[in-house]
Number of protein chains: 2
Amino acid sequence: MAPSGAPIRAKLEVLQPTGSFKVRGAMSLLRGIEVPRDGVVAASGGNHGLAIAWAARRLGHPATIVVPATSPPEKIEPIRASGARLTVVDGFYAAAAQEADRLVATGERVLAHPYDQREVVAGQGTATAELLEDGGLDTVLVACGGGGLLAGALAAAGPDVRVVAVETTGTAALHAALTAGERVEVQVGGVAASALGAPRLGALAWAARERLAGSLVVEDDEVVRAQRRLWSAARVVAEPGGATALAALTSGAYVPGPDERVGVLVCGANTDPGSVVG
Amino acid sequence: MAPSGAPIRAKLEVLQPTGSFKVRGAMSLLRGIEVPRDGVVAASGGNHGLAIAWAARRLGHPATIVVPATSPPEKIEPIRASGARLTVVDGFYAAAAQEADRLVATGERVLAHPYDQREVVAGQGTATAELLEDGGLDTVLVACGGGGLLAGALAAAGPDVRVVAVETTGTAALHAALTAGERVEVQVGGVAASALGAPRLGALAWAARERLAGSLVVEDDEVVRAQRRLWSAARVVAEPGGATALAALTSGAYVPGPDERVGVLVCGANTDPGSVVG
């Protein structure tokens with residue numbers, strides 16, 4: 001799928017329960033911590049909330065999920081249907097995070113952070129560990145929002161595998177932090193906002209930045225082209241955030257070396273499937 | 001995904017190149033026969049034609065694909081884009097088959113039959129062989145049109161694995177043949193016609209009928225429900241013919257025993273992905 005025609009290896013996290021890799025971190029977290037009587041609270045653009053609702057139900061915990069109204073119905077409606085308590089707030093992920101913090105302060109609840117908890121990062125890292133299981137990859141491309149999947153990938157990849165982070169122009173918290181030399185707030189928007197729209201990079205991803213082999217930013221229209229390419233070439237439906245890492249290859253933002261073997265995490269599917277043709 | 005909640009094992013042939021299992025038979029055929037100067041001719045509801053165009057291009061043969069105008073654009077347009085010669089005729093598969101026979105008679109061409117050639121059946125059988133590779137399945141559900149995938153499944157499944165054929169009411173050539181005691185012509189129509197719309201069962205599938213454990217027929221609306229279920233539960237896009245075998249389970253037409261382990265071939269994806277929500 002690279003413009004060069006070289007084959008790539010894709011990890012189809014779109015096929016996970018709830019349609020994204022987030023179930024990995026959710027199960028890892030809820031099995032790794034004590035969950036109090038009133039259960040777990042998650043703020044989420046949608047995928048993390050879906051995963052926490054799914055994991056909490058399986059493990060018998062009450063769950064309250066806070067999502068921003070800007071998230072697509074493909075993410076909000078399944079949370080409503082999951083049996084979790086759903087709260088919708090105006091704005092993007094940051095507003096949902098604020099409301100979740102308030103809820104945790106007012107009951108016997110624990111916060112399930114979408115990216116900045118060790119148990120979550122450890123869970124997300126298993127996606128990269130599985131991608132690398134068969135050996136033979138030089139480089140892994142990973143989408144970055146708050147950096148949970150990325151921090152997990154950096155932990156899972158040995159010293160011989162390069163990990164390259166990919167963001168969209170509307171969700172470039174890592175790129176902004178690397179430029180500023182510290183974690184800074186960014187304006188969030190664009191096609192991938194519901195998946196990658198953390199206003200500030202997580203501390204765990206920031207702490208791992210020295211192991212990063214690169215940080216790339218792609219345009220929204222390149223992401224949409226990558227979504228269409230995934231459908232037309234492989235009959236895989238990915239949401240914008242799920243196709244962002246691939247977009248680095250299909251746009252030419254990342255050009256592999258002649259013999260470089262590249263793996264890509266295709267990390268989420270929660271979109272209108274009709275949106276991947278055009 | 002069965003109503004009982006028992007897990008099933010699905011073989012996602014939707015992820016094959018060209019979006020269906022048909023590339024298996026196409027490669028098996030074009031590698032197994034002599035292809036004359038003017039190349040290969042295929043009549044097809046779309047998936048077989050796509051696969052022959054793909055395989056012929058890879059192997060350096062000219063290809064002429066004849067499709068009925070009733071096939072969906074998701075099948076016809078990629079054939080046009082493949083570099084193969086495309087002929088569109090009125091009607092269903094039977095009309096395309098007639099035109100393909102005429103073309104074979106008028107040049108140095110060979111016919112790539114969609115289901116009734118040994119090399120094709122041998123190729124299709126590898127889908128079932130792979131599904132059974134990990135062991136542990138009692139039963140495999142397979143959609144049946146002309147019966148290539150079914151005949152391959154019957155050849156690949158050992159005596160310990162039951163193979164059950166599933167058709168739609170509009171494409172029930174096997175069921176009609178079993179009822180009549182001989183292969184008879186059926187009227188073709190309904191949602192799965194472009195994939196399963198053979199007017200008469202193939203001779204190879206008919207010859208293998210004694211090894212069949214069952215023949216089921218499902219309604220079109222059950223097929224559409226199975227498509228929606230595949231998307232909502234697993235983020236897999238299947239065309240109607242691709243979801244027909246699963247529909248036997250989700251509709252309750254096939255009820256597994258308490259400990260029966262069931263596998264399903266999800267055999268094609270070539271539809272508008274927006275059609276799997278509703």
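Atom set for the values below is all heavy atoms of this structure, side chains included, hydrogens, waters and symmetry mates excluded. Letters A, B, ... mirror the listed sequences (proteins, then strands); counts begin at 1. This one's a predicted model, so the numbers in the text were calculated from it and none came from an experiment.
- Separating the CG atom in B:Leu12 from the CG atom in A:Leu12 is a distance of 9.5 Å, to the nearest 0.5 Å.
- Across all non-hydrogen atoms, the minimal contact from B:Trp231 to A:Val237 is CH2-CG1, 3.4 Å.
- Under a cut-off of 6.0 angstrom, the local environment of CG in B:Asp259 is sparse, with at most 12 non-hydrogen atoms contributed by other residues, nucleotides or ligands.
- Residue with the most contacts toward chain A among B:Pro17, B:Pro273, B:Gly274: B:Pro273 (heavy-atom pairs, distance under 4.5 Å).
- For B:Arg235 against A:Gly19, the heavy-atom pair with the smallest separation is CG-CA, 3.8 Å.
- With a 4.5 angstrom heavy-atom cutoff, B:Ser275 does not touch chain A via any of its atoms.
- The number of heavy atoms from other shown groups lying within 6.0 Å of CD (A:Glu219) does not exceed 12.
- A 6.0 Å sphere centred on CZ of A:Arg9 holds more than 12 heavy atoms belonging to other residues, nucleotides or ligands.
- Proximity to chain B (any heavy atom under 4.5 Å) is shown, for A:Ser232, by neither the backbone nor the side chain.
- No part of A:Ser20 comes within reach of chain B, as not one of its non-hydrogen atoms sits under 4.5 angstrom from that chain.
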